[in-house]
Q: 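Handing you a structure now.
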Amino acid sequence: MDLLATTSAAAVSSYALLSTIYKSVQALYAQPAINSSLDNLGQAEVVVPAVDVIVPCFNENPNTLAECLESIASQDYAGKMQVYVVDDGSANRDVVAPVHRIYASDPRFSFILLANNVGKRKAQIAAIRSSSGDLVLNVDSDTILAADVVTKLVLKMHDPGIGAAMGQLIASNRNQTWLTRLIDMEYWLACNEERAAQARFGAVMCCCGPCAMYRRSALALLLDQYEAQFFRGKPSDFGEDRHLTILMLKAGFRTEYVPDAIAATVVPHSLRPYLRQQLRWARSTFRDTFLAWRLLPELDGYLTLDVIGQNLGPLLLAISSLAALAQLLIDGSIPWWTGLTIAAMTTVRCCVAALRARELRFIGFSLHTPINICLLLPLKAYALCTLSNSDWLSRKVTDMPTEEGKQPVILHPNAGRSPASVGGRLLLFVRRRYRSLHRAWRRRRVFPVAIVRLSTNKWSADDSGRKPSVIRARVGCRRPVAPRH
(Lines give C-alpha, C1' and ligand atoms only; values in the text may rest on other atoms or scores of the structure.)
Protein backbone atom coordinates (compact mmCIF):
# COMPACT_ATOMS: atom_id res chain seq x y z
CA MET A 1 0.00 0.00 0.00
CA ASP A 2 2.43 2.62 -1.20
CA LEU A 3 -0.40 5.14 -1.48
CA LEU A 4 -1.05 5.10 2.27
CA ALA A 5 2.66 5.39 3.09
CA THR A 6 3.10 8.21 0.60
CA THR A 7 0.04 10.06 1.89
CA SER A 8 1.14 9.74 5.50
CA ALA A 9 4.72 10.81 4.74
CA ALA A 10 3.65 13.76 2.59
CA ALA A 11 1.08 14.97 5.14
CA VAL A 12 3.42 14.70 8.12
CA SER A 13 6.26 16.37 6.20
CA SER A 14 3.96 19.23 5.25
CA TYR A 15 2.83 19.45 8.87
CA ALA A 16 6.43 19.56 10.08
CA LEU A 17 7.36 22.29 7.59
CA LEU A 18 4.31 24.42 8.41
CA SER A 19 4.75 23.96 12.16
CA THR A 20 8.44 24.78 12.01
CA ILE A 21 7.81 28.03 10.16
CA TYR A 22 4.78 28.97 12.27
CA LYS A 23 6.30 28.16 15.67
CA SER A 24 9.63 29.79 14.80
CA VAL A 25 7.98 33.06 13.78
CA GLN A 26 5.66 32.84 16.77
CA ALA A 27 8.57 32.38 19.18
CA LEU A 28 10.32 35.37 17.61
CA TYR A 29 7.34 37.69 18.01
CA ALA A 30 6.45 36.31 21.46
CA GLN A 31 9.65 37.71 22.93
CA PRO A 32 8.90 40.60 25.31
CA ALA A 33 9.15 43.94 23.55
CA ILE A 34 11.05 46.78 25.17
CA ASN A 35 8.45 49.45 25.85
CA SER A 36 9.75 52.15 28.12
CA SER A 37 6.93 54.52 27.24
CA LEU A 38 4.49 52.48 29.33
CA ASP A 39 6.81 52.60 32.32
CA ASN A 40 7.32 56.33 31.90
CA LEU A 41 3.56 56.81 31.76
CA GLY A 42 3.13 55.03 35.05
CA GLN A 43 5.76 57.27 36.66
CA ALA A 44 4.75 60.55 35.06
CA GLU A 45 1.00 60.55 35.63
CA VAL A 46 -1.59 58.76 37.68
CA VAL A 47 -4.35 57.32 35.52
CA VAL A 48 -7.24 56.18 37.70
CA PRO A 49 -10.37 55.65 35.58
CA ALA A 50 -13.38 54.07 37.25
CA VAL A 51 -13.46 50.29 36.84
CA ASP A 52 -16.50 48.02 37.00
CA VAL A 53 -15.72 44.38 37.80
CA ILE A 54 -18.40 41.95 36.57
CA VAL A 55 -18.60 38.43 38.01
CA PRO A 56 -21.34 36.27 36.44
CA CYS A 57 -21.96 33.04 38.33
CA PHE A 58 -24.24 30.04 37.89
CA ASN A 59 -24.44 27.16 40.39
CA GLU A 60 -20.96 28.08 41.59
CA ASN A 61 -19.35 26.35 44.54
CA PRO A 62 -19.60 28.78 47.48
CA ASN A 63 -15.98 28.23 48.49
CA THR A 64 -14.80 29.00 44.96
CA LEU A 65 -16.98 32.11 44.74
CA ALA A 66 -15.73 33.31 48.13
CA GLU A 67 -12.11 33.01 46.97
CA CYS A 68 -12.92 34.93 43.80
CA LEU A 69 -14.66 37.80 45.61
CA GLU A 70 -11.94 37.95 48.26
CA SER A 71 -9.27 38.40 45.59
CA ILE A 72 -11.30 41.22 44.00
CA ALA A 73 -11.89 42.93 47.34
CA SER A 74 -8.12 42.82 48.00
CA GLN A 75 -7.14 44.69 44.80
CA ASP A 76 -4.66 47.52 45.36
CA TYR A 77 -6.21 49.74 42.68
CA ALA A 78 -6.11 53.43 43.65
CA GLY A 79 -9.14 54.48 41.60
CA LYS A 80 -12.85 53.87 42.00
CA MET A 81 -13.83 50.23 41.63
CA GLN A 82 -17.35 48.79 41.70
CA VAL A 83 -18.06 45.05 41.71
CA TYR A 84 -21.22 43.54 40.23
CA VAL A 85 -21.86 39.90 41.10
CA VAL A 86 -24.56 38.52 38.79
CA ASP A 87 -26.30 35.35 39.96
CA ASP A 88 -27.67 33.85 36.74
CA GLY A 89 -30.66 32.03 38.19
CA SER A 90 -28.60 29.58 40.24
CA ALA A 91 -30.38 26.63 41.85
CA ASN A 92 -28.02 26.85 44.83
CA ARG A 93 -28.75 30.48 45.65
CA ASP A 94 -29.46 29.65 49.28
CA VAL A 95 -26.01 28.06 49.55
CA VAL A 96 -24.11 31.06 48.12
CA ALA A 97 -26.24 33.61 50.00
CA PRO A 98 -23.85 33.62 53.00
CA VAL A 99 -21.02 34.56 50.63
CA HIS A 100 -23.11 37.47 49.36
CA ARG A 101 -23.77 38.60 52.93
CA ILE A 102 -20.05 38.68 53.71
CA TYR A 103 -19.57 41.47 51.15
CA ALA A 104 -22.96 43.17 51.47
CA SER A 105 -21.52 45.81 53.80
CA ASP A 106 -18.76 46.71 51.34
CA PRO A 107 -19.97 49.76 49.37
CA ARG A 108 -18.06 48.56 46.31
CA PHE A 109 -20.20 45.42 45.95
CA SER A 110 -23.64 45.03 44.37
CA PHE A 111 -25.44 41.75 43.73
CA ILE A 112 -27.76 41.26 40.76
CA LEU A 113 -30.08 38.28 41.16
CA LEU A 114 -31.61 37.19 37.87
CA ALA A 115 -34.94 35.39 38.10
CA ASN A 116 -34.10 32.90 35.35
CA ASN A 117 -30.97 31.40 33.85
CA VAL A 118 -30.25 33.51 30.75
CA GLY A 119 -26.64 32.50 30.05
CA LYS A 120 -23.28 34.04 30.81
CA ARG A 121 -23.41 36.56 27.97
CA LYS A 122 -26.75 38.08 28.96
CA ALA A 123 -25.72 38.05 32.62
CA GLN A 124 -22.66 40.12 31.71
CA ILE A 125 -24.78 42.51 29.65
CA ALA A 126 -27.23 42.98 32.55
CA ALA A 127 -24.34 44.19 34.72
CA ILE A 128 -22.78 46.30 31.96
CA ARG A 129 -26.06 48.16 31.51
CA SER A 130 -26.39 48.63 35.27
CA SER A 131 -22.91 50.13 35.64
CA SER A 132 -21.11 53.23 34.40
CA GLY A 133 -17.35 52.86 34.91
CA ASP A 134 -14.85 53.85 32.23
CA LEU A 135 -13.47 50.30 32.04
CA VAL A 136 -15.17 46.93 32.48
CA LEU A 137 -13.31 43.90 33.82
CA ASN A 138 -14.95 40.52 33.23
CA VAL A 139 -13.95 37.88 35.79
CA ASP A 140 -15.15 34.28 35.93
CA SER A 141 -16.56 33.19 39.28
CA ASP A 142 -13.92 30.42 39.63
CA THR A 143 -10.98 32.79 39.07
CA ILE A 144 -8.66 34.35 41.63
CA LEU A 145 -6.84 37.59 40.75
CA ALA A 146 -3.44 38.71 41.93
CA ALA A 147 -3.71 41.91 43.96
CA ASP A 148 -2.35 44.13 41.18
CA VAL A 149 -4.34 42.77 38.21
CA VAL A 150 -6.72 45.73 37.95
CA THR A 151 -3.86 48.22 38.25
CA LYS A 152 -1.78 46.55 35.53
CA LEU A 153 -4.66 46.13 33.11
CA VAL A 154 -5.71 49.77 33.60
CA LEU A 155 -2.15 50.86 32.88
CA LYS A 156 -2.21 48.95 29.60
CA MET A 157 -5.57 50.50 28.68
CA HIS A 158 -4.20 54.08 28.86
CA ASP A 159 -4.17 54.22 25.06
CA PRO A 160 -7.71 55.03 23.81
CA GLY A 161 -7.03 52.90 20.72
CA ILE A 162 -6.96 49.75 22.88
CA GLY A 163 -10.40 48.20 23.21
CA ALA A 164 -9.53 45.13 25.29
CA ALA A 165 -6.70 43.57 27.28
CA MET A 166 -6.31 40.20 28.97
CA GLY A 167 -4.08 38.89 31.75
CA GLN A 168 -2.06 35.71 31.99
CA LEU A 169 -3.99 32.61 33.06
CA ILE A 170 -2.67 29.84 35.27
CA ALA A 171 -4.42 26.83 36.81
CA SER A 172 -5.26 27.35 40.48
CA ASN A 173 -5.61 23.58 40.95
CA ARG A 174 -2.45 22.72 39.02
CA ASN A 175 -1.23 20.11 41.49
CA GLN A 176 -4.53 18.23 41.68
CA THR A 177 -4.05 15.64 38.91
CA TRP A 178 -1.80 14.89 35.95
CA LEU A 179 -4.37 16.53 33.70
CA THR A 180 -4.44 19.81 35.62
CA ARG A 181 -0.64 19.94 35.39
CA LEU A 182 -0.90 19.43 31.64
CA ILE A 183 -3.59 22.11 31.27
CA ASP A 184 -1.52 24.57 33.28
CA MET A 185 1.35 24.12 30.82
CA GLU A 186 -1.10 24.44 27.94
CA TYR A 187 -2.31 27.76 29.38
CA TRP A 188 1.26 29.02 29.69
CA LEU A 189 1.97 28.21 26.06
CA ALA A 190 -1.32 29.72 24.87
CA CYS A 191 -0.66 32.95 26.77
CA ASN A 192 3.10 33.39 26.44
CA GLU A 193 3.47 32.14 22.88
CA GLU A 194 0.20 32.52 20.98
CA ARG A 195 -1.27 35.61 22.70
CA ALA A 196 2.10 37.25 23.24
CA ALA A 197 2.93 37.00 19.52
CA GLN A 198 -0.50 38.31 18.50
CA ALA A 199 -0.16 41.20 20.95
CA ARG A 200 2.99 42.35 19.12
CA PHE A 201 0.58 43.55 16.42
CA GLY A 202 -2.21 44.65 18.76
CA ALA A 203 -4.46 41.82 17.59
CA VAL A 204 -4.99 39.22 20.32
CA MET A 205 -7.64 37.04 18.70
CA CYS A 206 -9.30 35.98 21.97
CA CYS A 207 -9.16 37.92 25.24
CA CYS A 208 -9.97 35.00 27.52
CA GLY A 209 -13.10 35.24 29.67
CA PRO A 210 -11.59 34.54 33.13
CA CYS A 211 -9.78 37.90 33.13
CA ALA A 212 -10.37 40.45 30.37
CA MET A 213 -10.80 44.23 30.54
CA TYR A 214 -12.80 46.27 28.00
CA ARG A 215 -13.26 49.96 27.29
CA ARG A 216 -16.86 50.99 27.96
CA SER A 217 -16.99 53.40 25.03
CA ALA A 218 -16.07 50.50 22.74
CA LEU A 219 -18.59 48.19 24.41
CA ALA A 220 -21.32 50.78 23.87
CA LEU A 221 -20.74 50.55 20.12
CA LEU A 222 -20.73 46.74 20.05
CA LEU A 223 -23.12 45.65 22.79
CA ASP A 224 -26.11 45.04 20.51
CA GLN A 225 -24.00 42.95 18.11
CA TYR A 226 -22.48 41.09 21.04
CA GLU A 227 -25.87 40.27 22.52
CA ALA A 228 -27.50 39.20 19.25
CA GLN A 229 -24.96 36.72 17.88
CA PHE A 230 -26.56 34.05 15.72
CA PHE A 231 -25.16 31.06 13.87
CA ARG A 232 -27.29 29.41 11.19
CA GLY A 233 -30.34 31.19 12.55
CA LYS A 234 -29.83 30.04 16.15
CA PRO A 235 -28.62 32.15 19.10
CA SER A 236 -24.97 31.53 19.96
CA ASP A 237 -24.59 31.40 23.74
CA PHE A 238 -20.96 30.35 24.27
CA GLY A 239 -17.60 31.62 23.07
CA GLU A 240 -18.53 35.12 24.20
CA ASP A 241 -14.92 36.09 24.91
CA ARG A 242 -13.64 35.23 21.43
CA HIS A 243 -16.65 36.79 19.69
CA LEU A 244 -16.37 40.06 21.63
CA THR A 245 -12.65 40.22 20.85
CA ILE A 246 -13.30 39.75 17.12
CA LEU A 247 -15.94 42.50 17.27
CA MET A 248 -13.37 44.81 18.89
CA LEU A 249 -10.90 44.14 16.08
CA LYS A 250 -13.59 44.64 13.44
CA ALA A 251 -14.41 48.03 14.97
CA GLY A 252 -10.77 49.09 14.63
CA PHE A 253 -9.67 48.73 18.27
CA ARG A 254 -6.49 46.98 19.35
CA THR A 255 -6.51 44.03 21.73
CA GLU A 256 -3.56 43.43 24.05
CA TYR A 257 -2.01 40.90 26.43
CA VAL A 258 -0.53 41.77 29.85
CA PRO A 259 1.72 38.87 30.97
CA ASP A 260 2.27 40.13 34.51
CA ALA A 261 -1.45 40.45 35.33
CA ILE A 262 -1.85 36.98 36.81
CA ALA A 263 -5.24 35.26 37.16
CA ALA A 264 -5.62 31.71 38.49
CA THR A 265 -8.66 29.77 37.35
CA VAL A 266 -10.02 26.33 38.13
CA VAL A 267 -9.45 23.85 35.28
CA PRO A 268 -11.02 20.41 34.67
CA HIS A 269 -9.34 17.69 36.72
CA SER A 270 -10.56 14.70 34.67
CA LEU A 271 -10.92 13.86 31.00
CA ARG A 272 -14.71 13.97 30.69
CA PRO A 273 -15.21 17.64 31.71
CA TYR A 274 -12.00 18.57 29.89
CA LEU A 275 -13.26 17.08 26.61
CA ARG A 276 -16.62 18.81 27.05
CA GLN A 277 -14.84 22.11 27.53
CA GLN A 278 -12.64 21.51 24.49
CA LEU A 279 -15.69 20.62 22.37
CA ARG A 280 -17.38 23.89 23.34
CA TRP A 281 -14.23 25.89 22.64
CA ALA A 282 -13.68 24.14 19.29
CA ARG A 283 -17.17 25.06 18.12
CA SER A 284 -16.65 28.66 19.20
CA THR A 285 -13.26 28.83 17.47
CA PHE A 286 -14.62 27.48 14.19
CA ARG A 287 -17.59 29.85 14.24
CA ASP A 288 -15.51 32.96 14.83
CA THR A 289 -12.69 31.88 12.53
CA PHE A 290 -15.08 32.36 9.62
CA LEU A 291 -15.67 35.90 10.89
CA ALA A 292 -11.95 36.49 11.50
CA TRP A 293 -11.01 35.60 7.90
CA ARG A 294 -12.54 38.88 6.74
CA LEU A 295 -10.30 40.80 9.12
CA LEU A 296 -7.00 39.31 7.97
CA PRO A 297 -6.37 41.69 5.02
CA GLU A 298 -6.53 44.59 7.50
CA LEU A 299 -4.09 42.99 9.97
CA ASP A 300 -0.40 42.16 9.83
CA GLY A 301 0.65 39.20 7.69
CA TYR A 302 1.67 37.25 10.78
CA LEU A 303 -2.00 36.96 11.80
CA THR A 304 -2.73 35.21 8.51
CA LEU A 305 0.07 32.75 9.25
CA ASP A 306 -1.34 32.33 12.76
CA VAL A 307 -4.83 31.43 11.52
CA ILE A 308 -3.41 29.06 8.88
CA GLY A 309 -1.08 27.41 11.38
CA GLN A 310 -3.87 26.83 13.90
CA ASN A 311 -6.30 25.38 11.36
CA LEU A 312 -4.28 23.76 8.56
CA GLY A 313 -1.69 22.28 10.95
CA PRO A 314 -4.18 20.05 12.85
CA LEU A 315 -5.75 19.01 9.53
CA LEU A 316 -2.38 17.81 8.15
CA LEU A 317 -1.63 16.05 11.42
CA ALA A 318 -4.99 14.28 11.31
CA ILE A 319 -4.47 13.16 7.70
CA SER A 320 -0.99 11.80 8.42
CA SER A 321 -2.20 10.00 11.56
CA LEU A 322 -5.16 8.38 9.79
CA ALA A 323 -3.01 7.30 6.85
CA ALA A 324 -0.36 5.91 9.22
CA LEU A 325 -3.00 3.98 11.16
CA ALA A 326 -4.46 2.56 7.94
CA GLN A 327 -0.96 1.60 6.78
CA LEU A 328 -0.36 -0.24 10.06
CA LEU A 329 -3.69 -2.08 10.03
CA ILE A 330 -3.95 -2.91 6.33
CA ASP A 331 -0.36 -3.35 5.21
CA GLY A 332 1.09 -4.39 8.54
CA SER A 333 4.09 -2.09 8.09
CA ILE A 334 5.13 0.41 10.76
CA PRO A 335 4.98 4.07 9.59
CA TRP A 336 8.41 4.95 10.93
CA TRP A 337 8.73 8.27 9.14
CA THR A 338 5.42 9.57 10.47
CA GLY A 339 6.09 8.41 14.02
CA LEU A 340 9.65 9.73 14.16
CA THR A 341 8.67 13.08 12.65
CA ILE A 342 5.87 13.63 15.16
CA ALA A 343 8.14 12.55 18.03
CA ALA A 344 10.89 14.90 16.87
CA MET A 345 8.49 17.85 16.54
CA THR A 346 7.10 17.15 20.02
CA THR A 347 10.55 16.89 21.59
CA VAL A 348 11.77 20.13 20.04
CA ARG A 349 8.66 22.04 21.06
CA CYS A 350 8.78 20.80 24.67
CA CYS A 351 12.50 21.57 24.98
CA VAL A 352 12.01 25.09 23.61
CA ALA A 353 9.09 25.65 26.02
CA ALA A 354 11.16 24.39 28.96
CA LEU A 355 13.99 26.71 27.94
CA ARG A 356 11.74 29.76 27.57
CA ALA A 357 9.82 29.09 30.80
CA ARG A 358 12.98 27.96 32.63
CA GLU A 359 11.03 25.00 34.00
CA LEU A 360 11.87 21.37 33.28
CA ARG A 361 8.26 20.33 33.85
CA PHE A 362 7.48 21.39 30.28
CA ILE A 363 9.30 18.28 29.06
CA GLY A 364 6.25 16.44 30.36
CA PHE A 365 4.05 18.38 27.96
CA SER A 366 4.98 15.71 25.41
CA LEU A 367 2.07 13.74 26.89
CA HIS A 368 -0.22 16.26 25.18
CA THR A 369 0.68 14.89 21.73
CA PRO A 370 -1.02 11.45 22.07
CA ILE A 371 -4.00 13.14 23.75
CA ASN A 372 -4.17 15.59 20.86
CA ILE A 373 -3.98 12.88 18.18
CA CYS A 374 -6.27 10.32 19.82
CA LEU A 375 -8.86 12.60 21.48
CA LEU A 376 -8.70 16.26 20.52
CA LEU A 377 -8.41 15.88 16.74
CA PRO A 378 -11.49 13.60 16.53
CA LEU A 379 -13.23 16.01 18.90
CA LYS A 380 -12.51 18.94 16.58
CA ALA A 381 -13.84 16.97 13.62
CA TYR A 382 -17.04 16.30 15.58
CA ALA A 383 -17.24 19.97 16.56
CA LEU A 384 -16.96 20.99 12.93
CA CYS A 385 -19.87 18.69 12.07
CA THR A 386 -22.05 19.97 14.94
CA LEU A 387 -21.42 23.71 14.82
CA SER A 388 -25.13 24.50 15.30
CA ASN A 389 -25.18 22.84 18.72
CA SER A 390 -25.04 25.52 21.45
CA ASP A 391 -25.12 23.29 24.52
CA TRP A 392 -22.65 24.44 27.19
CA LEU A 393 -22.07 20.81 28.27
CA SER A 394 -21.08 21.94 31.75
CA ARG A 395 -23.25 22.82 34.73
CA LYS A 396 -26.80 21.64 34.21
CA VAL A 397 -29.53 24.24 34.43
CA THR A 398 -31.96 23.43 37.21
CA ASP A 399 -35.46 24.78 36.81
CA MET A 400 -36.41 27.21 39.55
CA PRO A 401 -39.94 28.35 40.32
CA THR A 402 -40.21 31.99 39.30
CA GLU A 403 -42.98 34.46 38.86
CA GLU A 404 -43.91 35.41 35.33
CA GLY A 405 -42.22 38.62 34.28
CA LYS A 406 -40.22 38.93 37.47
CA GLN A 407 -37.48 41.56 37.21
CA PRO A 408 -33.89 41.12 38.38
CA VAL A 409 -33.34 41.98 42.04
CA ILE A 410 -30.32 44.17 42.80
CA LEU A 411 -28.97 43.94 46.33
CA HIS A 412 -27.11 47.15 47.00
CA PRO A 413 -24.44 47.40 49.72
CA ASN A 414 -25.70 47.36 53.32
CA ALA A 415 -29.09 45.96 52.27
CA GLY A 416 -30.45 43.66 54.98
CA ARG A 417 -27.27 43.96 57.01
CA SER A 418 -27.33 44.55 60.78
CA PRO A 419 -24.43 46.11 62.72
CA ALA A 420 -24.08 42.94 64.78
CA SER A 421 -23.22 40.92 61.69
CA VAL A 422 -20.56 43.20 60.20
CA GLY A 423 -17.89 40.94 61.66
CA GLY A 424 -19.10 38.24 59.30
CA ARG A 425 -17.13 39.75 56.44
CA LEU A 426 -13.96 38.48 58.16
CA LEU A 427 -15.12 34.90 57.70
CA LEU A 428 -13.38 33.69 54.58
CA PHE A 429 -15.29 30.54 54.13
CA VAL A 430 -12.70 29.04 51.93
CA ARG A 431 -10.67 25.84 51.68
CA ARG A 432 -6.97 26.59 51.14
CA ARG A 433 -6.00 23.64 49.00
CA TYR A 434 -3.08 25.08 47.14
CA ARG A 435 -0.56 26.56 49.56
CA SER A 436 2.11 27.24 46.96
CA LEU A 437 -0.16 29.56 44.96
CA HIS A 438 -1.52 31.22 48.11
CA ARG A 439 1.84 32.88 48.78
CA ALA A 440 1.95 34.31 45.27
CA TRP A 441 -1.48 35.92 45.42
CA ARG A 442 -0.88 38.02 48.55
CA ARG A 443 1.41 41.01 48.48
CA ARG A 444 2.53 44.32 49.95
CA ARG A 445 0.91 44.33 53.39
CA VAL A 446 0.15 42.20 56.44
CA PHE A 447 -3.53 41.82 57.26
CA PRO A 448 -5.57 39.67 59.64
CA VAL A 449 -7.16 36.58 58.19
CA ALA A 450 -9.85 34.45 59.77
CA ILE A 451 -10.18 30.98 58.28
CA VAL A 452 -13.17 28.85 59.13
CA ARG A 453 -13.52 25.25 57.99
CA LEU A 454 -17.14 24.16 57.81
CA SER A 455 -18.63 20.73 58.24
CA THR A 456 -20.86 21.15 55.16
CA ASN A 457 -21.17 23.46 52.17
CA LYS A 458 -24.03 25.24 53.92
CA TRP A 459 -23.68 27.33 57.04
CA SER A 460 -26.30 28.56 59.46
CA ALA A 461 -25.02 32.06 60.22
CA ASP A 462 -27.57 34.78 59.64
CA ASP A 463 -28.48 38.21 60.90
CA SER A 464 -29.87 36.78 64.11
CA GLY A 465 -26.34 36.03 65.25
CA ARG A 466 -26.37 32.23 65.06
CA LYS A 467 -22.93 30.81 64.48
CA PRO A 468 -21.95 28.30 61.80
CA SER A 469 -21.04 24.76 62.70
CA VAL A 470 -17.26 24.95 62.82
CA ILE A 471 -14.79 22.10 62.78
CA ARG A 472 -11.77 24.32 63.23
CA ALA A 473 -11.22 28.07 63.25
CA ARG A 474 -7.90 29.81 63.15
CA VAL A 475 -7.11 33.52 63.15
CA GLY A 476 -3.68 34.83 62.27
CA CYS A 477 -1.67 37.13 60.07
CA ARG A 478 -0.34 36.39 56.64
CA ARG A 479 2.46 38.29 55.02
CA PRO A 480 1.77 38.56 51.28
CA VAL A 481 4.54 38.30 48.73
CA ALA A 482 4.81 39.42 45.14
CA PRO A 483 3.60 36.94 42.53
CA ARG A 484 6.19 34.85 40.76
CA HIS A 485 6.39 35.14 36.98
Side-chain angles (χ1 to χ4, degrees), residues 8-31 33 166 169 185-208 239 241-242 245-246 249 255-257 259 278 281-323 338 341-353 355-357 362 365-366 368-373 375-381 383-384:
S8 178
V12 79
S13 299
S14 300
Y15 166 74
L17 178 62
L18 175 62
S19 295
T20 300
I21 296 174
Y22 171 47
K23 291 299 180 181
S24 298
V25 177
Q26 184 183 77
L28 177 65
Y29 285 131
Q31 296 298 323
M166 65 167 285
L169 301 181
M185 290 184 280
E186 186 177 11
Y187 277 18
W188 189 96
L189 293 169
C191 289
N192 295 289
E193 288 188 351
E194 180 185 326
R195 265 60 167 194
Q198 294 170 350
R200 181 65 69 93
F201 306 99
V204 173
M205 303 301 285
C206 178
C207 289
C208 299
D241 49 2
R242 180 176 294 274
T245 306
I246 297 297
L249 292 171
T255 53
E256 297 287 349
Y257 166 61
Q278 293 298 309
W281 286 1
R283 286 173 178 156
S284 167
T285 300
F286 285 135
R287 290 180 183 184
D288 285 298
T289 296
F290 299 142
L291 185 61
W293 271 110
R294 307 172 189 174
L295 283 174
L296 295 180
E298 305 173 11
L299 302 176
D300 189 89
Y302 168 75
L303 278 306
T304 301
L305 174 63
D306 184 74
V307 172
I308 293 175
Q310 291 193 45
N311 290 275
L312 182 58
L315 177 61
L316 292 172
L317 180 60
I319 293 174
S320 65
S321 300
L322 288 174
T338 300
T341 302
I342 293 175
M345 295 293 297
T346 300
T347 302
V348 170
R349 188 189 182 196
C350 292
C351 289
V352 171
L355 185 63
R356 290 194 64 227
F362 280 86
F365 192 69
S366 57
H368 185 267
T369 296
I371 293 177
N372 183 37
I373 295 175
L375 297 177
L376 298 184
L377 288 180
L379 194 76
K380 289 179 180 179
L384 192 59

Q: For the pair Gln198 and Cys206, evaluate side chain to side chain contact (heavy atoms under 4.5 Å, CB included) and give the outcome as yes or no after the intermediate values.
A: CA-CA 10 Å; Gln198 294 170 350; Cys206 178; over 6 Å; no
Q: Give, for atom CD1 of Ile371 and atom CG of Leu379, the distance between the pair rounded to the nearest 0.5 Å.
A: 12.5 Å
Q: Take Gln310 and Glu194, measure what side chain to side chain contact (heavy atoms under 4.5 Å, CB included) needs, and give me the verdict at the end.
A: CA-CA 10 Å; Gln310 291 193 45; Glu194 180 185 326; 3.5 Å; yes
Q: Is any side-chain heavy atom of Ile319 closer than 4.5 Å to a side-chain heavy atom of Tyr15?
A: no
Q: Looking at side-chain heavy atoms only, is the closest gap between Tyr302 and Val25 below 4.5 Å?
A: yes
Q: Main chain of Leu317, side chain of Ser320: is a donor-acceptor contact present, judged purely on distance under 3.5 Å?
A: yes
Q: Working note: Val352 + Phe362, criterion side chain to side chain contact (heavy atoms under 4.5 Å, CB included); need CA distance, chi angles, decisive distance, verdict.
A: CA-CA 9 Å; Val352 171; Phe362 280 86; over 6 Å; no
Q: Could you point out which residue of Leu316, Leu315, Leu312 forms a side chain to side chain contact (heavy atoms under 4.5 Å, CB included) with Ser14?
A: Leu316
Q: What's the spacing between His368 NE2 and Thr346 OG1 if we round to 0.5 Å?
A: 10.5 Å
Q: If you look at every heavy atom in Cys207 and Glu256, which pair is closest and at what distance?
A: SG-O, 4.2 Å
Q: Once rounded to the nearest 0.5 Å, what's the spacing between atom CZ of Phe290 and atom OG1 of Thr285?
A: 11.0 Å
Q: Compare every heavy atom of Leu303 with every heavy atom of Ala203, then report the nearest pair and how far apart it is.
A: O-CD1, 3.8 Å
Q: Are Arg349 and Ser19 side-chain neighbours, meaning at least one heavy-atom pair lies under 4.5 Å?
A: no
Q: Grab the two heavy atoms, one from Ile342 and one from Ser321, that are nearest each other, plus how far apart they are.
A: CD1-OG, 4.4 Å
Q: Any side-chain heavy atom of Met205 sitting closer than 4.5 Å to one from Ile246?
A: yes
Q: Quick one: closest heavy-atom pair of Ser366 and Cys350, and the distance?
A: N-SG, 3.3 Å
Q: Walk me through whether Gln31 and Arg200 qualify under side chain to side chain contact (heavy atoms under 4.5 Å, CB included).
A: CA-CA 9 Å; Gln31 296 298 323; Arg200 181 65 69 93; 4.3 Å; yes
Q: Do the non-hydrogen side-chain atoms of Arg356 and Glu193 ever get within less than 4.5 Å of each other?
A: yes
Q: Where do Thr338 and Ala9 come nearest, in terms of heavy atoms and distance?
A: OG1-N, 4.2 Å
Q: Determine the minimum heavy-atom distance between Leu189 and Ala353, stating which atoms define it.
A: CD2-CB, 3.7 Å
Q: Does the side chain of Thr245 pick up a donor-acceptor pair with the side chain of Thr255 at under 3.5 Å?
A: no
Q: How far does NZ of Lys380 sit from CG of Leu375, to the nearest 0.5 angstrom?
A: 12.0 Å
Q: What is the distance from atom CZ of Arg242 to atom SG of Cys208, rounded to the nearest 0.5 Å?
A: 8.0 Å
Q: Just verifying a value: how many Å separate Tyr29 OH and Leu305 CG, rounded to the nearest 0.5 Å?
A: 9.5 Å
